[in-house]
Amino acid sequence: NIRAIAEVEFKKVIARLGERQLDVTLTDRFKERVLEEGFDPAYGARPLRRAITRLLEDTLAEHVLGGAQEEVPQGRAQVRQFVELDVSRDGKVVVHRGRPILEGSGV
């Protein structure tokens, strides 16, 4: 089942990002988009990993490199970021930011 394979792959990527203070949520629309692009009747689920890399990992990398992360305050506190990946009505992958939380600051 391609959907089950995709969920396992999503969990791997999300766990890796969580270790880097980035909590990611994927909407059902986003998951559907990955499944549409990651399945080919001739190749089965083989293109799935590339679709996840391009749509999830590359999109988040552009988001972070584009300066969308909050500034990290001085001291030992870390900023935990919350983002949601979705698909807009025109079919583009979008990143919605949640409110960052300072960890280790007592806040």
Closest approach of I2 to G38 (non-hydrogen atoms, all atoms of both residues) | CD1-O, 4.1 Å
R33 (side chain) donor-acceptor with D28 (main chain) under 3.5 angstrom | no
Sequence neighbours excluded, which residues qualify as side-chain hydrogen bond (donor to acceptor under 3.5 Å, both in side chains) partners of D40?
-> none
For E84, enumerate each residue passing the side-chain hydrogen bond (donor to acceptor under 3.5 Å, both in side chains) test, keeping only those at least two apart in sequence or located in another chain.
-> none
For K92, the side chain to side chain contact (heavy atoms under 4.5 Å, CB included) test, sequence neighbours excluded, returns S88, D90
Test log, rule side chain to side chain contact (heavy atoms under 4.5 Å, CB included), inputs L17 and L56 | CA-CA 11 Å; L17 294 168; L56 198 162; 4.1 Å; yes
Name all residues meeting the side chain to side chain contact (heavy atoms under 4.5 Å, CB included) criterion together with I5; count only those two or more places apart in sequence or in a different chain, and write none if there are none.
-> A45, L48
Side chains of E9 and R49 in contact at under 4.5 Å (non-hydrogen atoms) | yes
Residues in side-chain hydrogen bond (donor to acceptor under 3.5 Å, both in side chains) contact with N1, at least two apart in sequence or another chain = none
Could you walk me through whether V83 and H96 pass the side chain to side chain contact (heavy atoms under 4.5 Å, CB included) check?
-> CA-CA 5 Å; V83 297; H96 301 288; over 6 Å; no
So do D86 and L26 actually touch side chain to side chain, heavy atoms under 4.5 Å?
-> no
Verdict with reasoning, T27 to V87, per side chain to side chain contact (heavy atoms under 4.5 Å, CB included) = CA-CA 8 Å; T27 65; V87 176; 5.6 Å; no
T25 meets the side-chain hydrogen bond (donor to acceptor under 3.5 Å, both in side chains) criterion, sequence neighbours left out, with none
Rounded to the nearest 0.5 Å, what separation is found between the CG atom of L22 and the CZ atom of R16?
-> 11.5 Å
K31/F10 under side chain to side chain contact (heavy atoms under 4.5 Å, CB included): CA gap, chis, key distance, verdict = CA-CA 9 Å; K31 290 178 180 181; F10 290 144; 3.6 Å; yes
Approximate separation, where rounding is to 0.5 Å, of L60 CG and R20 CZ = 12.0 Å
E57/R50 salt bridge by N-O under 4.0 Å criterion = no
For R3, what residues pass the salt bridge (charged side-chain N to carboxylate O under 4.0 Å, His left out) criterion, not counting sequence neighbours?
-> E32
With R46 via salt bridge (charged side-chain N to carboxylate O under 4.0 Å, His left out) - residues at least two apart | none
